[in-house]
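Some notes on the structure that comes next.
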Amino acid sequence: MIQGPTAQRKFDEQFRISSTLLAMAMLAGMATPAWAQDAPDDSVAGEDAAGATDIVVTGSRIGRPVLDLPTPVGVVSSETLENNNAQFDIGRALAQQPAIGFSGSMQQSQQGGASGSRGETSGGLAVVDLRSLGSNRTLVLVNGKRRVSGTTDSAAVDLNSINPNLIERVEIITGGASAIYGSDAVSGVVNILLKDDFDGVRLSLSGSQPARGSEGFTYGGSILAGHNFAGGRGNITVAADYTKVKEITPRQADMRNNVAMINPADTGPNDGIPDLIIVPGGEAYQFSGYGSVGVRGDTGGLGEFIFNDDGTPRPAPTPLFTDGSLFGKFDNCGEACFRFDDSISLVPDIERYNLNLSAHYDISDQVTAYVSADYNNTSSYGRGQPVLRSAMPINIAQNAFLNEDFRQDLLAAGATTLLLDRLFTDVGQRFSQVDRNSLSFAGGLKGEFETGFSDLRYDIYGTYGRTKAKFTGYNRMLLPNLSAALDAVIDPATQEVRCRMDVPALQPVGYVRPNIVGGGTCAPFNPFGSTASSQEARDFVSTTTVSNAFVRQTTAGFSLAGDTSKFLTMPGGGSIGIALGAEYRKERNGRTTDPLIKAGVTNQAASQDYEGGYHVTEFFGELSIPLLTDMPFAKLLSVEGAVRHASYSHAGEATSWKAGAIWEPVDGVRLRGTLSRAIRAPNIFEAFRPSEGQTTNVNDPCSQNFIGQNPNRAANCAALGRPDGFVPVSGGIGVPFIVSGNPNLRPEVSDSWTAGFVLTPSFLPGLQISADWFDIQIEDAISFLSPQAIAENCVDRADGPDPELCALITRDMTPGANFFSITSGNSTYVNTSKLQTSGLDTQVFYARPLGAGRISANLAFTYLHRLRTFTFQARPDLYTVLEGFYGYPKYKGVVGLNYSVGGLTLGWQGRYQSSQSLTDISPGISRELLAPRKTGSKFYNDISASYRLPIKGDQEAKFSFGVTNLFNVHLPVMESVQVIDPSGGGFDQFGPVIRAGLEVNF
């Protein structure tokens, strides 16, 4: 029972809690799954928690006992992170917490590269995604201060820039916290607290390896050294860390090239029979390294063919199953087929360095100076499938490499041009290397001073952070060169194989010479077979691209905190806690794109250079008012409030606020609740992304072919000037759109509330039970609208055309054949979306002595009641249901059991997530799309053990060992592409992973 100074002292006589971290976890109500969080310590955390010493924790700037906070605060200890292998991927280690989504790990970031290119710019990132609302809505702090982002398109902090061996603990608030910390705290705050008062030297070595297969070996080492000086008034701590992560491919996982294919037993819609079934061994012959033709009927009726390595054709294999598009199940395709799992990295090859320095010195009893600096360098190297090109024209009569017998058969059948589909495996797999380094400084003065009206604590600080990133793409395709190289002919003068562009005699009237990249002589490319092309031709059609980006952040601010004890105490209550302050922040980032990408001559989407930034000035205040204390039915009744006003140079004014209350009617029972408004200002990329031209296909909703798909379209299209029977001449193919940022974006607005209780019964000391309901709704959410979504929602609204969306589309209003057709448009970021989530966080903690040691148990569990996204908040009838969909389990929890005796600590952890649907579960979507339709629930068992061996005096060695997924729980049966989906990742993919470590302290 933890309820006040007197009760705490009684409890201390029975059992001494051994760390401040444990007290905070027990009191906050949303604490961590416990592993070895309670390492021996000489401090008595209970006395601190009882109010003898102010504890400043995440969620408040007023120094007060953590028990008096109405906001649930979760705590993850360094031991918990270690046992979840944070040295390998801190994002995935944190994602074991029920409140954190799976999409933030380094592994998932590798899959979700910008513009759909897996890992092109995001490889190696590790971020936090609270409540699965997006990492850009989670504010990550380090020692309570903002940190520079790791990427240009988000404010998300790269967790790899933080030395995992320096982490003391991680504190988590879920729900709006903008009133305390400012923008980006819509879904919550993750505050990473680092060791800064270390005295001694610690050397550590660690490694981990999946038990099956040879991939994924991770190893690293670190040194941490600190020294107290000037009689304990000062400390300097330095640290260095190195980590190497070996690549993991699907060979290490349970993916098996699974593809959803058409069920031959299906008889139609709503027949109770699944439309699709998941089939292992999916392959695609249309796109392989051997080349294929005839898919589009270009062989004069001869059928479809793939090529052997000698260039001879053979009939395309007949699939036993097909997905209706590219993939099928074959029994005779062999090497000529492409298998998705063969060409990707699940986890990239990572090499990471961290260097850290922190120091503080008590200049006087009232002034402490502090400074910290750290440098991080992370290099990520991951693979993706080779470049794929479709419908490449081959001149049948004149192509120099086409098999002669096949040529004659084609000509006899009346064919003139082959449309070749090919995966350029001979050029090589695409590899993406991301070299990212960051530099961060923080410093300031803090302390206390007395005045006639209050004893004030202050913190005057400044920070600077800079991230640089270099994106290198290997084996990218030069499209003009490829086009020229494929048009290979026999030079009639020399009988040599040359490119048509170099043979004037075979250039027809009106021939336009290709504008090849790099000049020089064109090298003919033989595409028929996987090994037929020459090295000279491969070099001619491929290139390496290099782009660069930077992010800079500067902050300066101050805060003051005190109370009214010298002049005002609430009748029946206590003194009022007060905090106020101001902060100035400047953000800037930019990108320099490789000239070849910028020119649009590679297989990558064209993008332009840009640079943008903004600054914001914020003022904030906070009050905590204990109305009643030690009264009948009110052992404590306290209310609090906070407000922050921000002035953004690019988004105008915004105000966030928070109100909360806590009531303890009797000892051991506390009720608490909060209500808050949070904001997120548009980030630089959303506001200042450069205008980039892209060509896309748009199915015009006003076309006669599609106008009946929505009851509002006919009237709305007519209001825009649609003629009767309108069908666009072009069919909506190749519509040019300008994609850009939107400088007129407004801040997102989030309203959230929490309500819950904490029970610490006196009849069972050491037990704590807590439960908190959360509800978050985000209005005016910033989202990127695709051209198709713009066109449809322009005319689908019930009360007339949407003027904001219709303004993004240009139609040809000149009389003629093209009248009313969409001729161009703008696709950008808009404040049109809505997000909502709600659910229940529960936690049970129990600890007590057992024999000569101590046992503790912990259960943390989250029920996700609702997670919905509305692309258009004005259309509440159209929404996507995510709760229970893949990557968003409705139930997620961890349970831990820990026993310590002497130097030995043994731990067990169980991780649970409920079954998830593999198909869209939104209203109106068929439930018979796929079999199996769900993943099934999964429960993973992890074990750990450590032993501290005294060496001499204060010197000791610590040996640690652990296994995650001890019983080799396999992946659910699902498509291979879903395994790597960025929203997934919660299922263990590699079977058991064995971890071992050695730590020496002296």
Side-chain angles (χ1 to χ4, degrees), residues 287-293 306-313 336 338 384-404 406-407 417-431 472-508 511-546 594-604 606:
F287 292 102
S288 74
Y290 294 76
S292 68
V293 294
I306 56 177
F307 293 92
N308 300 310
D309 263 336
D310 61 1
T312 57
F338 164 66
Q385 70 183 38
V387 173
L388 177 153
R389 303 302 296 173
S390 63
M392 297 176 291
I394 301 294
N395 186 305
I396 294 175
Q398 293 182 336
N399 186 272
F401 297 119
L402 186 62
N403 177 269
E404 189 61 34
F406 191 41
R407 186 199 317 274
T417 302
L418 289 178
L419 298 177
L420 178 71
D421 297 327
R422 193 175 191 271
L423 198 67
F424 285 85
T425 54
D426 43 0
V427 173
Q429 287 189 303
R430 284 181 297 167
F431 284 90
T472 305
Y474 299 97
N475 296 330
R476 296 326 191 235
M477 193 68 72
L478 292 169
L479 301 183
N481 292 26
L482 178 62
S483 179
L486 289 175
D487 194 7
V489 297
I490 302 294
D491 188 339
T494 64
Q495 298 302 304
E496 294 179 349
V497 178
R498 302 182 68 189
C499 299
R500 188 186 302 275
M501 64 175 291
D502 297 325
V503 185
L506 295 181
Q507 296 172 2
Y511 177 78
V512 178
R513 180 182 174 87
N515 186 22
I516 64 174
V517 178
T521 303
C522 175
F525 194 102
N526 184 351
F528 306 114
S530 66
T531 61
S533 61
S534 67
Q535 186 61 52
E536 181 185 19
R538 298 169 193 168
D539 293 340
F540 176 71
V541 302
S542 63
T543 189
T544 297
T545 62
V546 179
D594 186 283
L596 295 175
I597 300 176
K598 201 180 325 184
V601 297
T602 73
N603 59 286
Q604 295 171 265

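With sequence neighbours left out, the side chain to side chain contact (heavy atoms under 4.5 Å, CB included) criterion links Ser390 to Phe287, Arg296, Asp421.
Within the 4.5 Å cutoff, the side chain of Thr545 has heavy atoms near those of the Thr543 side chain. Counting heavy atoms from C-beta outward, Phe401 and Val489 have side chains that stay 4.5 Å or more apart. Side chains of Thr602 and Met477 form no contact here, defined as non-hydrogen atoms less than 4.5 Å apart. In this structure, Leu596 and Leu478 have side chains that are in contact, with non-hydrogen atoms separated by less than 4.5 Å. Side-chain atoms of Val427 and Val387, non-hydrogen and from C-beta on, never get closer than 4.5 Å to each other.
Distance alone, capped at 3.5 Å, is enough to place a donor-acceptor pair between the Asn403 side chain and the Phe406 backbone. Remark: side-chain polar atoms of Arg389 are not paired, donor with acceptor, to backbone N or O of Arg422 under 3.5 angstrom. Looking at Asn603, its side chain never comes within 3.5 Å of a backbone N or O of Arg476 through a donor-acceptor pair. A donor-acceptor pair under 3.5 Å is absent between the side-chain atoms of Thr417 and the main chain of Pro393, judged by distance alone. Of the possible polar contacts, none joining the Asp426 side chain to the Thr531 backbone as a donor-acceptor pair under 3.5 Å is found. Side-chain atoms of Asp491 do not come within 3.5 Å of backbone N or O of Gln495 as any donor-acceptor pair. Using modelled atom types, one side-chain atom of Asp310 and one backbone atom of Thr312 make a donor-acceptor pair closer than 3.5 Å. In this structure, the side chain of Arg430 does not engage the main chain of Asn475 through any donor-acceptor pair within 3.5 Å. Remark: the backbone N or O of Met501 is paired with a side-chain donor or acceptor of Gln507 at under 3.5 angstrom. No donor-acceptor distance shorter than 3.5 angstrom exists from the side chain of Arg500 to the backbone of Asp487, with no hydrogens or angles considered.
With salt bridges taken as basic N to acidic carboxylate O contacts below 4.0 Å, one links Arg513 and Asp502.
In this structure, Leu486 CG and Leu420 CG are separated by 7.0 Å, a value rounded to the nearest 0.5 Å. In this structure, Arg498 CZ and Cys522 SG are separated by 9.5 Å, a value rounded to the nearest 0.5 Å. Atom CG of Leu418 sits about 9.5 Å away from atom CG of Asn395, to the nearest 0.5 Å. Leu423 CG to Leu388 CG: the interatomic distance, rounded to the nearest 0.5 Å, is 5.5 Å. Note: Phe525 CZ to Leu482 CG = 7.0 Å, rounded to the nearest 0.5 Å. Remark: Asn308 CG to Ser530 OG distance equals 10.0 Å, nearest 0.5 Å.
The two residues Pro480 and Val601 come nearest to each other via the heavy atoms CD-O, 3.4 Å. Scanning all heavy atoms of the two residues, the minimum distance from Pro524 to Ala537 falls at O-CB, 3.2 Å. For the pair Ala484 and Ile516, the tightest heavy-atom approach, listed with the atom from each and the gap, is CB-CG2, 3.9 Å. The two residues Leu402 and Asn399 have their closest heavy-atom pair at N-OD1, 3.1 Å. Here the shortest heavy-atom pairing between Phe307 and Gly311 reads CD2-O, 3.4 Å. Shown here for Ala485 and Ala523, the closest heavy-atom pair between the two residues is CB-O, 3.3 Å.
Shown here is Asn515, whose CG atom has no more than 12 heavy atoms of other residues, nucleotides or ligands within 6.0 Å. No more than 12 heavy atoms of other residues, nucleotides or ligands lie within 6.0 Å of CD in Glu536, so this atom counts as exposed by the packing criterion.
With 3.5 Å as the limit, one finds no donor-acceptor pair spanning the side chains of Asn526 and Ser533.
By the 6.0 Å and 45° rule, Arg538 does not stack over the aromatic ring of Phe540.
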Handout entry: Derivation and outcome, ring pair (Phe, Tyr, Trp, His ring centres under 6.0 Å), residues Tyr474 and Phe431
Key = CA-CA 5 Å; Tyr474 299 97; Phe431 284 90; 7.4 Å; no

